Amino acid sequence: MMDISITKIYNSELGLDGTITELIDWCYRYSDDYTDAALDEISAQAKQLGLPEDQVQIPVLVKLDRQRSQKDDGTLPYEQMKLDRLKGGSIGYSSTEEYGEVEIRQEDDKVLVTITGSDDNGFFTAASACSVEEFMTGDENFLESFIGSVLFYSKVYDEEVS
């Protein structure tokens, strides 16, 4: 049986020279050094060599994360959160958005989303959760859709104390 950890991949046109595990690690750590075509090739090679799906997805997520950040459309870095889970083991993110303070964090097998803010009706908290699996398999619009539904269905307003 072939040991994929020592199988070298070389493609001078795409700037690839290393084992598949090295290339996956490098494309994550040095994403600006790899073109979209190179990331596609790393993913294709990983799939062809039979690596687990999470490893095959890393170059794809790097590419999608780069495309999202280049669009600069105000969406949250969903692909980066997925990469953090694959490479670091946990999902976590917080930021201030126009609709409130957003906190996303993993607790065991759930991803919790909490939003605190204010609107015309007063101060509110909105929260919900999904499974880590659902979070990790969502499409590129999953997080914004999920946050939209949390804001629509789960707002609880603070009561004013007289």
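These numbers come from a predicted model, not from an experiment.
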Enquirer: Counting N and O atoms only, with roles assigned by atom type, does the side chain of Asp139 sit under 3.5 Å from a partner on the main chain of Asn141, one being a donor and the other an acceptor?
Expert: yes
Enquirer: Which pairs of donor and acceptor atoms, one on a side chain in residues 44-64, lie under 3.5 Å apart (sequence neighbours left out)?
Expert:
residue	atom	partner	partner atom	Å
Gln45	NE2	Glu41	OE2	2.8
Glu53	OE2	Gln57	NE2	2.8
Lys63	NZ	Asp40	OD1	2.9
Lys63	NZ	Asp40	OD2	3.1

Enquirer: Any link between Tyr10 and Ile42 through a network of hydrophobic side chains (Ile, Leu, Val, Met, Phe, Trp, Tyr) touching at under 4.5 Å?
Expert: no
Enquirer: Is there a path of hydrophobic side-chain contacts, each under 4.5 Å between heavy atoms, that joins Tyr30 and Tyr28?
Expert: yes
Enquirer: Side chains of Phe123 and Thr116: closer than 4.5 Å at any heavy-atom pair?
Expert: no
Enquirer: Nearest 0.5 Å, what's the CG-OG distance between Leu39 and Ser43?
Expert: 9.0 Å
Enquirer: Suppose we screen for side chain to side chain donor-acceptor pair (under 3.5 Å). Which residues come up paired with Arg66, at least two apart in sequence or across chains?
Expert: Asp36
Enquirer: Donor-acceptor pairs are to be reported for all side-chain atoms of residues 126-135 against protein atoms at under 3.5 Å, with residues two or more places apart or in another chain.
Expert:
residue	atom	partner	partner atom	Å
Ser131	OG	Glu134	N	2.9

Enquirer: Report yes or no: do Leu112 and Met81 belong to one cluster of Ile/Leu/Val/Met/Phe/Trp/Tyr joined by side chain heavy-atom distances under 4.5 Å?
Expert: no
Enquirer: Between Phe124 and Ser118, which heavy-atom pair has the shortest distance, and what is it?
Expert: CE2-N, 3.5 Å
Enquirer: Working to the nearest 0.5 angstrom, can you tell me the gap between Asp33 CG and Trp26 CH2?
Expert: 11.0 Å
Enquirer: Taking the side chain as C-beta and beyond, is there a heavy-atom pair between Val111 and Met136 under 4.5 Å?
Expert: no
Enquirer: Just verifying a value: how many Å separate Glu103 CD and Ser95 OG, rounded to the nearest 0.5 Å?
Expert: 10.5 Å
Enquirer: Would you give the length of the straight line joining atom CG of Leu23 to atom CG of Asp17, rounded to the nearest 0.5 angstrom?
Expert: 8.0 Å
Enquirer: Mind listing the closest non-hydrogen atom pair of Leu14 and Ala38 along with its distance?
Expert: O-CB, 3.6 Å
Enquirer: Could you state whether Val156 and Ile147 fall into the same hydrophobic cluster, counting links through intermediate Ile, Leu, Val, Met, Phe, Trp or Tyr residues with side-chain heavy atoms under 4.5 angstrom apart?
Expert: no
Enquirer: How far does OG1 of Thr35 sit from CG of Asp32, to the nearest 0.5 angstrom?
Expert: 11.5 Å
Enquirer: Mind checking what makes ring-ring contact (aromatic ring centres under 6.0 Å, His included) contact with Phe142, not counting sequence neighbours?
Expert: Tyr78, Phe146
Enquirer: Tell me the salt bridge (charged side-chain N to carboxylate O under 4.0 Å, His left out) pairs involving residues 75-86, sequence neighbours left out?
Expert: Arg68-Glu79
Enquirer: Mind checking what makes side-chain contact (heavy atoms from CB on, under 4.5 Å) contact with Asp109, not counting sequence neighbours?
Expert: none
Enquirer: Is it the case that over 12 heavy atoms from other parts of the model lie below 6.0 angstrom from the OH atom of Tyr157?
Expert: yes
Enquirer: Do Lys8 and Thr19 have side chains that approach each other closer than 4.5 Å (heavy atoms only, starting at C-beta)?
Expert: yes
Enquirer: Would a distance-only check, ignoring hydrogens and angles, find a side-chain to backbone donor-acceptor pair under 3.5 Å from Glu22 to Ile24?
Expert: no
Enquirer: Can you list the steps and then say if Lys155 with Asn121 is a side-chain contact (heavy atoms from CB on, under 4.5 Å)?
Expert: CA-CA 11 Å; Lys155 280 185 186 175; Asn121 298 317; over 6 Å; no
